[in-house]
Amino acid sequence: MSLWEYANPKKFMQVSARVLPVVIGLAGVSLTVGLIWGFFLTPDDFRQGSTVKIIFIHVPTAMMAINAWVMMLVASLIWLVRRHHVSALAARAAAPVGLTFTAIALVTGAFWGQPMWGTWWAWDPRLTAFLILALFYLGYMALWQAVDDPDTAADLTAVLCMVGSVFAVLSRYAVKFWNQGLHQDSTILKVGEADPIAPAYYVPLVVCIIGFVLLFVALVLLRTRTEIRARRLSALLARERLA
Amino acid sequence: MELVVNTLAVARGGLTVLEGVSFVLAPGAALILRGPNGVGKTTLLRTLAGLQPAVAGTVSVPPESLTYAAHADGLKAVLTVEENLQFWAAIHGVGGVTEAMAQMNLTDLRARRAANLSAGQKRRLGLARLLVTGRPVWVLDEPTVSLDVASVALFAGVVRAHLAGGGMALIATHIDLGLAEAAVLDLGPYKAKAPVAPGGFDEAFT
Amino acid sequence: MELVVNTLAVARGGLTVLEGVSFVLAPGAALILRGPNGVGKTTLLRTLAGLQPAVAGTVSVPPESLTYAAHADGLKAVLTVEENLQFWAAIHGVGGVTEAMAQMNLTDLRARRAANLSAGQKRRLGLARLLVTGRPVWVLDEPTVSLDVASVALFAGVVRAHLAGGGMALIATHIDLGLAEAAVLDLGPYKAKAPVAPGGFDEAFT
Amino acid sequence: MMPDLGKYAVAVLSSYGVTLALLAALVALTLWQGRRVKRQLEEVESRQGQSQGKHDG
Amino acid sequence: MTALLIRDLRLAFRAGGGFGLGLAFFLLVAVLVPLGVGPEGATLARIAPGILWVGALLACLLSLDRIFALDFEDGSLDLLATSPIPLEGVVAIKALAHWLVTGLPLTLAAPVLGVLLNLPGPGYLWLVASLAVGTPALSVIGAFGAALTVGIKRGGLLLSLLVLPLYVPTLIFGAEVVKRGATGAGVSVPLLLLAGITAGAVALLPFAAAAAIRVNLR
Amino acid sequence: MTALLIRDLRLAFRAGGGFGLGLAFFLLVAVLVPLGVGPEGATLARIAPGILWVGALLACLLSLDRIFALDFEDGSLDLLATSPIPLEGVVAIKALAHWLVTGLPLTLAAPVLGVLLNLPGPGYLWLVASLAVGTPALSVIGAFGAALTVGIKRGGLLLSLLVLPLYVPTLIFGAEVVKRGATGAGVSVPLLLLAGITAGAVALLPFAAAAAIRVNLR
Ligand code: HEM
Ligand SMILES: Nc1ncnc2c1ncn2[C@@H]1O[C@H](COP(=O)(O)OP(=O)(O)OP(=O)(O)O)[C@@H](O)[C@H]1O
Ligand SMILES: Nc1ncnc2c1ncn2[C@@H]1O[C@H](COP(=O)(O)OP(=O)(O)OP(=O)(O)O)[C@@H](O)[C@H]1O
Ligand SMILES: [Mg+2]
Ligand SMILES: [Mg+2]
C-alpha cells in the first residue's frame with residue numbers, strides 16, 4: 001500500500017474519522033494547559049511587564065500563519081503533479097485557518113507593539129512581508145470563490161500559492177536579509193546560544209506551540225472533510241440533473 | 001495525415017458527457033456531427049482542438065494541423081475586415097487574404113470595420129479566417145448560424161473546395177448544409193451513461 | 001390592439017438601410033421577415049422595439065405591449081434558470097415561471113446556473129423569458145439560432161399557442177420555423193435605393 | 001486568582017480576548033459548515049437511495 | 001423595482017460578483033501609500049485624511065463599470081429599457097445597489113484603515129460620518145459616468161477620466177471634514193456642503209444617466 | 001509575433017482602445033492628492049516620490065484587464081492558443097504591448113507631474129530612471145494576474161487584489177530610489193534590487209501566466 005492511497009477521498013474519510021478525535025482531544029488539552037499556564041502562572045518580565053504574556057499567542061500563531069502557507073504550497077504541488085483531489089481540497093481548507101492565525105498574529109503583535117515600540121504598527125520588513133502574506137490569503141480565497149470549475153480553481157490557486165510563497169519566506173527570513181527593523185529575529189530555535197529565552201517562559205511557550213499546531217491540524221482535517229463532502233454533494237446533484 | 005479519434009470521453013463542468021466516441025477522418029472527407037442540444041458537441045470539438053483535456057481515449061492528429069471556429073469569431077470590432085484577416089494570416093504565416101475575401105463574398109466590405117457588420121456578415125468574416133490559416137483540418141461549431149440561404153450555399157462550396165484540396169472538415173450543426181457527400185455521426189448513442197465525477201468523489205464513502 | 005407600420009425607414013450607422021416598409025399585424029397573426037444578410041432586419045426590429053428612432057414613417061402600437069428578443073439573451077450566468085426567469089417575471093409583474101419552464105422544456109434544468117448551459121439550452125431559456133413578460137407582441141430576431149430540430153418544433157408550438165391567445169409575433173429568420181400559417185415579408189424590395197444620411201447632410205454641401 | 005497585569009492590562013486582555021473570539025468564530029464556522037454540508041449530502045444520498053451503509057464520523 | 005435591487009445584490013454576492021473587492025482595494029491603497037511614502041508617523045498622520053478619501057474614491061471608481069456594462073453586454077439593458085420600469089428608476093436602483101455593495105462597506109471599514117495610516121484619535125468619528133454622507137454621491141455620480149460610457153468595450157479608464165473631475169468637490173469637502181475633525185476644529189460647514197452635493201446628485205443625476213443610456217442603446 | 005504586437009498596438013490606438021487613458025489617470029491622481037491632502041509645499045515634497053509611484057502603479061493596474069480579457073471574450077484567445085505561436089510568446093508580446101502603451105508614456109510624463117507635487121530638483125532624473133526600470137515588472141506581473149482572472153467576468157477588482165501584493169516590492173524600491181535621489185543620497189542598492197525584480201519577473205512569470213491561461217481556456 002503506497003502513501004498515495006490516503007489521497008483517495010474514501011480512504012481519507014475513513015482515516016481522518018479515526019484520527020480526528022485524538023487530535024482534537026490533544027489540541028484541546030495542550031491549548032488549555034499552555035494558555036492557562038502562560039496567562040496565570042508566569043511572572044512579569046522585568047522589561048516588558050505583563051505584556052510578555054502575549055508571547056504565548058503571538059509567536060505560535062505567527063509561526064503557524066507561515067507554516068500554513070507552506071502546507072498549502074506542498075498540497076498544491078501534490079495536486080499539480082499527481083492530481084489528487086484531496087490535496088487540492090486540503091489546501092483550500094487550510095486557507096481560512098491560516099488567515100485567522102495571521103489575523104491573530106497581526107492583532108496581538110499590534111497590541112504588543114503599542115507598549116513595546118510605542119506604535120501599533122511599523123513598516124518594518126518582516127511586518128510588511130507578513131501583511132502582504134495576509135493579503136495573499138485573501139486573494140487566494142477570493143480566487144477559489146471566483147472560479148466555478150473546481151479543477152480550474154485548484155490549478156489557478158496552486159499557481160498563485162507558488163508565487164505567494166515568496167512572501168511567506170520573506171516574512172520569516174526578511175530580518176536576516178535586511179538586518180534592520182524593530183521586530184526581533186528568531187530566538188526560539190536558538191536555545192543554548194547567548195541570550196536564550198528564560199525557561200519560565202520557554203516551557204509554556206512550547207506547550208502553546210504544540211497546541212496551536214494540533215489545533216491547525218484538527219481544523220484542517222475537519223474542513224477538508226467538509227470540502228470533500230461538498231464536492232461529492234455537487235457531483236451527486238449534477239448526476240441527478242443529467243440523469 | 002489523418003484524424004483518428006479512439007474511444008474518446010469528454011467532460012464539461014467536471015462531468016463526463018460523451019464517451020466511447022471513435023471515428024477516423026481521412027483527407028478529403030467531411031464528417032457532420034449531429035445531436036440534440038446539450039449532448040456535448042461543443043465539448044467534443046474543444047477537446048479535439050486541444051483546448052481541454054480528454055477524460056479517456058486518444059485523439060491522434062499531426063501537430064498544428066487543426067483550426068477551430070466557434071460561436072465567438074475572434075474578430076476585433078475596431079479593425080476592418082481586411083485587417084482582421086491579415087492579422088490571422090500573419091499569425092499563421094500564410095497569405096491569401098484577397099482570395100479568402102473573394103471566396104466569402106467580402107470584397108465589397110473589405111474596408112468596413114467589423115463593428116459595423118450585420119450578424120451574417122460577421123459570420124462570413126469568421127469563416128473566411130479558416131482560409132488564411134493554411135490548416136488542413138477544420139473543426140467547426142455551428143458555422144452557419146445567422147447565414148442566409150445564399151451564404152450557406154457559398155460556404156458549402158468553400159468547404160467542398162477545401163476537401164477537394166485534400167483538406168478535412170468536422171462540422172457540428174443542426175441545419176442542413178447541402179454537403180450531401182459528407183458522412184453523418186449522430187452523437188446521441190454516445191451519451192455518457194452514469195456521469196462520474198473525477199477523483200473518486202462519486203463512490204459512496206461507507 | 002394592432003401593430004401598424006407605415007412607410008417606415010430605418011438607419012444604421014447613419015445610413016438608411018430600409019425604406020417604405022409598411023405592414024399591419026393583427027391579433028393572432030404572425031409575420032416572418034426574410035431577407036439576405038445585411039438587408040436590415042435587426043435594424044428594423046430594434047426600431048420597432050423603440051430602441052432606436054425611425055428615419056421616416058410611423059410605428060403605431062399601444063405602449064408597453066412589445067417585447068424584444070435578440071441574439072443577446074439577457075441571461076445572468078451566475079443565476080440559475082429559475083432565478084433568471086423569476087427576475088423577468090417580477091420586473092413585468094406577472095407570474096407563470098413554472099409554466100414557462102415547462103413549456104420550453106427547462107424544468108429539469110431549473111436549478112442549473114445559466115453559465116453551465118449549452119448554447120441551445122441558453123437559447124431556450126432566452127425564449128422562455130418571452131412567456132413571463134405578459135406582452136402580446138413578440139419581436140424576435142433569429143430566435144432559433146443553435147436550437148436542434150426538436151426544440152425548433154417546440155418553439156413553433158409555443159408561438160402558435162401565443163397566437164391562439166390573441167398574441168402577435170414578428171420573426172426575422174433565415175430558416176424554416178414550420179409556422180405555415182404565418183405571412184412572410186421579404187425585405188429585399190425595401191432596400192434603400194441611394195442610402196442617404198439623415199439630417200440633410202447629403203444635399204446641403206453642393 | 002486573576003494575575004495583576006499592571007498598566008498593560010488592556011493590551012494583554014484584549015490580545016487574549018481577540019484571539020479567543022477569532023478562534024471561536026473559526027471553530028464555529030467550521031462546525032456549522034461541516035454540519036450543513038453533511039446534512040445536505042445525507043439528504044441527497046437518501047433521495048438517490050444509493051448510500052451504501054452509514055457514514056463514518 | 002425591488003426585484004431589480006435583489007437581483008443586483010444577489011449578483012454581487014455570488015462568485016465573482018465583486019462584493020468585498022472594493023473593500024480589498026481600499027485596504028490595499030491604505031497599505032501601499034505608507035510603503036511608498038515611508039513610515040514616519042507624523043507625515044502619515046498629516047496626509048491620512050486625504051489618502052483615506054482618495055482611496056475610498058478610487059475603490060468606488062474601480063467598480064463603476066460593473067453598474068451597467070455587464071447588463072449592456074448580455075442584452076439585459078435592452079430588455080430593461082423596454083420593460084415597465086422607467087429607466088430613471090433602473091438607474092436609481094442600480095446606484096443604490098452599488099452603494100450598498102461598495103460605499104457602505106467602505107464606510108464601515110474605514111476606521112480600521114485609519115490605524116494603518118496613523119490617523120489622529122478624534123478623526124475617526126468624522127471619517128465615518130463624512131464617508132457615510134459622501135459615498136452615496138460617489139455612487140450616483142459614478143452611475144452617471146457609467147451610463148455615458150456604457151457602449152464602449154472595457155471603457156474603464158475613460159469612465160475614470162470622466163467621473164474623477166465630478167468627484168473632486170466631494171473629495172475636497174470630505175477630506176476637509178476629516179482633517180478638521182482630526183484637529184478638533186469645527187466641521188459643520190464642509191459637512192453641510194458635502195450633504196448638499198449628495199442631495200443634489202441623488203436628485204438630478206438619475207435623469208441625466210437615463211438619457212445617456214437611451215442614447216447609447218440606439 | 002510582430003503581427004501580434006502590431007495588432008495590439010493598433011487596437012490600443014484606435015478609438016476606445018485605451019491609449020492615453022492610463023496617462024490621464026496618472027495625471028488625475030497627481031491632481032487629486034494635493035486636493036485631498038492640502039497644498040502645503042513641504043508635506044507634498046515629502047510624499048511626492050511615494051505618491052507618484054503609487055499613481056503610476058494604479059494607472060498600470062487599471063488597464064491590466066484589457067491585456068487578455070478582450071481576447072478571451074471574443075474568442076481570439078482560443079484561436080491564439082491553437083495557433084503556431086507558443087502561448088508563452090503570446091503572453092510576453094502582450095505584456096510588451098501593455099508596457100509600450102502604459103508604462104512608457106507614464107515614464108515620460110512623470111517629470112511633468114512631479115512639478116504638480118513639488119518634487120525636489122534632483123529627484124526628477126531618478127524618478128524617470130526608476131520608472132523606466134520598474135514599469136516593465138509592473139506590466140509582466142500584471143499580465144500574470146490578468147491570466148489568472150481571465151475567465152472571470154469583470155474580474156477587475158479581483159485582479160487588483162491578486163496583483164497589488166505582488167507590486168509591493170517594486171513600489172517600495174522604486175519609491176526608495178526617488179526618495180534617496182531627491183535628497184541626494186546613494187541610489188544604487190534600491191535601483192539594483194528594482195532591476196533584479198524586473199529581470200526575475202520578466203524571466204519567470206510569462207511561463208506561469210501561460211500555464212494559467214491554458215487552465216482558464218479549458
Ligand atoms: C503587528 C506587529 C507584529 C507582527 C505582524 C509580527 C509578526 C511576527 C512574525 C511574522 C513572526 C515570525 C514567526 C515565524 O517566523 O515563525 C513573529 C515572531 C515573533 N514576534 Fe512578532 N510581530 C509583531 C509584533 C511583535 C512585537 C511588538 C513583539 C515583541 C516586542 C514581537 C515578538 C515576537 C517574538 C518574540 C517572535 C518569535 C521570534 C522567533 O523566535 O522566531 N512581535 N512575529
Ligand atoms: N458546469 C457544468 N456542470 C454540469 N453540466 C454542465 C456544465 N457546463 C455544461 N454542462 C452541460 O454539458 C452538456 C454539454 O454541453 P455542450 O455545450 O457541449 O452541448 P452542445 O452539444 O454543444 O449543445 P448545443 O447544441 O446546445 O450547443 C450540456 O448538457 C450542458 O448543460
Ligand atoms: N456603422 C455602420 N455604417 C455603415 N453601415 C452599417 C453600419 N452598421 C451596420 N451597417 C450595415 O447595416 C446593414 C443592416 O444591418 P442589420 O444588422 O440590420 O442586418 P440584418 O438584416 O439583421 O442581417 P443579418 O441577417 O446578417 O443579421 C448591414 O448591411 C450592415 O453592414
Ligand atoms: Mg454547442
Ligand atoms: Mg441581424
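Throughout, a chain's letter reflects where its sequence line sits, starting with A, and its residues are numbered from 1.
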Flag, side chain of D:Y16 to backbone of A:K53, donor-acceptor distance under 3.5 Å:
yes
Top contributor to chain D contacts, counting heavy-atom pairs under 4.5 Å, from A:L35, A:T61, A:T100
A:T100
Rounded to the nearest 0.5 Å, the OG1 atom of A:T108 sits from the CG atom of D:L22 at a distance of 10.0 Å
Reported CZ-to-CZ distance for the pair D:R36 and A:R229, which is rounded to 0.5 angstrom:
13.0 Å
Roughly how far apart are D:E43 CD and A:L236 CG, rounded to 0.5 Å?
12.0 Å
Heavy-atom nearest pair, A:T226 first then D:G34, reads OG1-CA, 3.3 Å
Between OG1 on residue D:T30 and CG on residue A:L219, distance to nearest 0.5 Å
5.0 Å
If you round to the nearest 0.5 Å, how far is OG1 of D:T19 from CZ of A:F212?
6.5 Å
What residue, out of D:L23, D:L31, D:L29, has the most heavy-atom pairs lying under 4.5 Å from chain A?
D:L23
Contact part of A:L20 toward chain D, heavy-atom cut-off under 4.5 Å: side chain, backbone, both or neither?
neither
Quick one: does D:E45's side chain get under 4.5 Å of A:R232's, heavy atoms only?
yes
Closest approach of D:V44 and A:L233, non-hydrogen atoms and distance?
CG2-CD1, 3.6 Å
If you compare all heavy atoms of D:L26 against all heavy atoms of A:P96, which two are closest, and at what distance to 0.1 Å?
CD1-O, 4.2 Å
When rounded to the nearest 0.5 Å, the distance separating OG of D:S15 from CD1 of A:I55 is 12.5 Å
Is A:F39 close to D:L13 at the side-chain level, that is, under 4.5 Å between some pair of heavy atoms?
yes
